[in-house]
Amino acid sequence: MPLKIYNSYSRQKEEFKPITPGHVGMYVCGPTVSGESHLGHARPYIFFDIVLRYLTHKGFKVRYVRNITDAGHFEEEGREAEDKISKKAVLEKLEPMELVQKYTNLFHWAFRQFNCMEPSIEPTATGHIVEQINMIEKIIKEGYAYVSNGSVYFDVKKYAASHDYGKLSGRIIDDLLETTRELDGQEEKRDLADFALWKHAAPEHIMRWASPWGEGFPGWHIECSAMATKYLGAEFDIHGGGMDLQFPHHESEIAQSTICNHTAPVRYWMHNNMITINGRKMGKSYNNVIKLTELFSGNHPLLTQAFHPMTVRFFILQSHYRSPLDFSSEALAASEKALKRLWEAHELLQKLQPADTDTAGDVALDEKINNWLNEFEEFMDDDFSTPKVLANMFELAPVINSVKDGLIAADAISKPTWQRLKKMFKLYMEDIFGLQAVTAANNEMLKAVMQLLIDIRKDAKVKKDYATSDRIRIQLAEMGILLKDEKGGEMSWTIE
RNA sequence: GGUCCUUUGGCCGAGUGGCUAGGCAAGGCUCUGCAAAAGCCUCUACAGCGGUUCGAAUCCGCUAGGGACCUCCA
């Protein structure tokens, strides 16, 4: 089945055809590591992790490049700007690389909690200054950039005369040329719409590199162009990122790369929508960010509890990536319960053995199951409709639970169907959606101890010694372990 | 001000013109020593007003609310 991807550039769903058969080059704009990652960051990196996993499942070999933006005008919160004017001893001063390292580590830690796969290449902007300078020189040579006061600007007006500047973000060039913004260094530009490729560093600027135009630092957009070109080629398949990057970041990337490499860089542009909080985009300037560490610990005024990274992952999968997703503690709590239910059905399914029958006792049910399963791929192929796949899984969960409880006869479902069901759940839950058990109930010693308690409780129940049986269950509950009596006298347990 | 998007049941969220997802919450029932879990059932919504159509949550227009981008941003 062909995969269809909504291309932001053409504003429609298109069949995905990689440039090199069997291979996919995918670039996703990574974080700026001048601060701690927050919930807003979770969406693109979790979503594109799903894209990576799904493409891999479809048999593509994916090179996934995600950068770290560690160059720019950095300061750490709370540390004052005076720090930058250097009369202090080296160790007392703000060392940008130290700051960048700290937040990079924190970012990596958080996304390991989310069970995101690591990118194939994770290039840093500071590690590619040479490539960026080379690219800028090429653009100057092509006549689309000019030097002004130690800075280099891209000539948007000239570019727009022969190229469609503004198409990706739906912008009209004339409007952009008229924008009146008071920005730093605006007077150096020939035109307000021009953007910086290289910026001259003022004396107090702490991050600076030598360049043909004097000491300075790269413009924000050029790093992605330079690194994507280096690792994926002049033209590659997928470029992803948040919607807020469409303009000016991605629009500028297209312009730079097109001039430098004489070809449009990207085949499929993919943009995820924002996570909002009370209907407003989560962001530093709105003062409404929930940092990932706060989310995991529950330590934030807007949170009524701590949330497990898997709950967040599931929450994100429950909505389509191009829709805005409104955060609330209640919504996340609902996801937590939903995930628990689904995950338990999944674990149960993996343990249940199919009846040894090639023909289904309940043909209609058997067919229904197969239809739901068929749709998994159909939905994913339709621009990654993860919520629909989950909906089907929730249709299947009662079937699984009913088989366990004997409410549906084991031989109602044929062996091949049952085996397929098992396989598909494992594939989607674990491999494609990247979900994991929320609790660490895989400790062998704990399992053994629990088995002992269960044996004692069973004995007590047989003797109708309910004081003992209740005591075991109640005290375990106090510790956060939920013991459940199953039909037929068996017992199971989960960690809350 | 410009460009674009959005408005779905108590809450979160899918929705391709007709078959009206799913989750959470709530209520009822079944199972059960009790409990939990599980199962079954109930809860039919699409901002408002017009229009197109045999038929619209889905297309068009207007009104109202919300949002994003135009500046660093996932």
Side-chain angles (χ1 to χ4, degrees), chain A residues 11 13 28-32 34-35 37-48 69 72-73 166 169-172 174-176 178-184 193 220 240-249 251 271-276 278-286 289 314-315 318-320 322-328 330-342 344-345 348 375 379 382 385-395 397-402 404-408 461 464 466 469-470 473-474 477 482-487 491-494 496:
Chain A
R11 283 152 214 277
K13 285 182 197 167
V28 173
C29 286
T32 302
S34 60
S37 303
H38 58 77
L39 177 59
H41 294 109
R43 197 167 198 194
Y45 306 130
I46 289 174
F47 171 66
F48 285 105
T69 298
H73 191 79
S169 52
R171 228 135 287 237
I172 295 156
D174 293 336
D175 294 343
L176 294 172
E178 281 168 25
T179 348
T180 49
R181 293 291 136 184
E182 297 208 2
L183 284 173
D184 190 33
W220 175 42
M243 254 179 167
D244 50 349
L245 298 180
Q246 257 181 3
F247 189 88
H249 188 55
E251 199 71 63
H271 291 97
N272 63 275
N273 214 314
M274 301 291 101
I275 286 186
T276 59
N278 294 323
R280 181 157 252 119
K281 175 185 167 182
M282 188 174 290
K284 218 173 174 178
S285 41
Y286 296 108
V289 297
F314 188 80
F315 174 66
Q318 272 184 304
S319 75
H320 188 84
R322 283 190 287 114
S323 302
L325 174 59
D326 198 46
F327 165 87
S328 67
E330 298 72 45
L332 222 51
S335 290
E336 180 180 81
K337 287 191 179 166
L339 170 61
K340 185 167 189 282
R341 184 170 134 79
L342 200 58
E344 281 178 6
L348 179 65
E375 284 175 334
F379 291 153
D382 183 18
S385 292
T386 54
K388 288 183 166 184
V389 176
L390 287 176
N392 276 21
M393 287 182 159
F394 277 107
E395 296 284 3
V399 175
I400 296 165
N401 288 326
S402 294
K404 185 201 83 174
D405 288 341
L407 298 168
I408 292 176
K461 282 184 70 174
K464 295 205 191 294
Y466 295 125
S469 65
D470 283 351
R473 196 184 61 217
I474 291 162
L482 192 68
L483 198 60
K484 293 180 276 193
D485 287 353
E486 303 292 348
K487 290 192 173 59
M491 294 176 198
S492 66
W493 56 281
T494 56
E496 287 294 271

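Only heavy atoms go into these numbers, but all of them, side chains included; no hydrogens, no water, no symmetry mates. In what follows, chains carry the letters A, B, and so on, assigned in the order in which the sequence lines appear, proteins first and then strands, with residues in each chain numbered from 1.
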Which residues satisfy the salt bridge (Lys or Arg N to Asp or Glu O under 4.0 Å) test with [X], sequence neighbours excluded?
X	answer
A:K281	A:D244
A:E486	A:K404
A:K13	A:D382

Taking any heavy-atom pair under 4.0 Å as a contact, classify [X]: base, sugar-phosphate, or nothing.
X	result
A:K461	base
A:L325	sugar-phosphate
A:S169	nothing
A:M393	nothing
A:M282	base
A:Y286	sugar-phosphate
A:D382	nothing

Output field dot_bracket for RNA chain B (Watson-Crick or G-U, both distances under 3.5 Å, | for other-strand pairs) contains (((((((..(((.....[...))).(((((.......)))))....(((((..]....))))))))))))....

According to side chain to side chain contact (heavy atoms under 4.5 Å, CB included), who are the partners of [X], at least two apart in sequence or on a separate chain?
X	answer
A:P387	A:H320
A:R473	A:R457, A:D470, A:L483
A:T276	A:D326

B/S/- along nucleotides 16-29 of chain B (protein heavy atoms under 4.0 Å) is -----BSSSS----

Residues which pass side chain to side chain donor-acceptor pair (under 3.5 Å) with [X], listed by chain and number, not counting sequence neighbours:
X	value
A:R322	A:D383
A:H38	none
A:H271	A:S8, A:Q246, A:H250

Report each atom pair, protein N/O against N/O of nucleotides 56-61 of chain B, whose distance is under 3.5 angstrom.
none

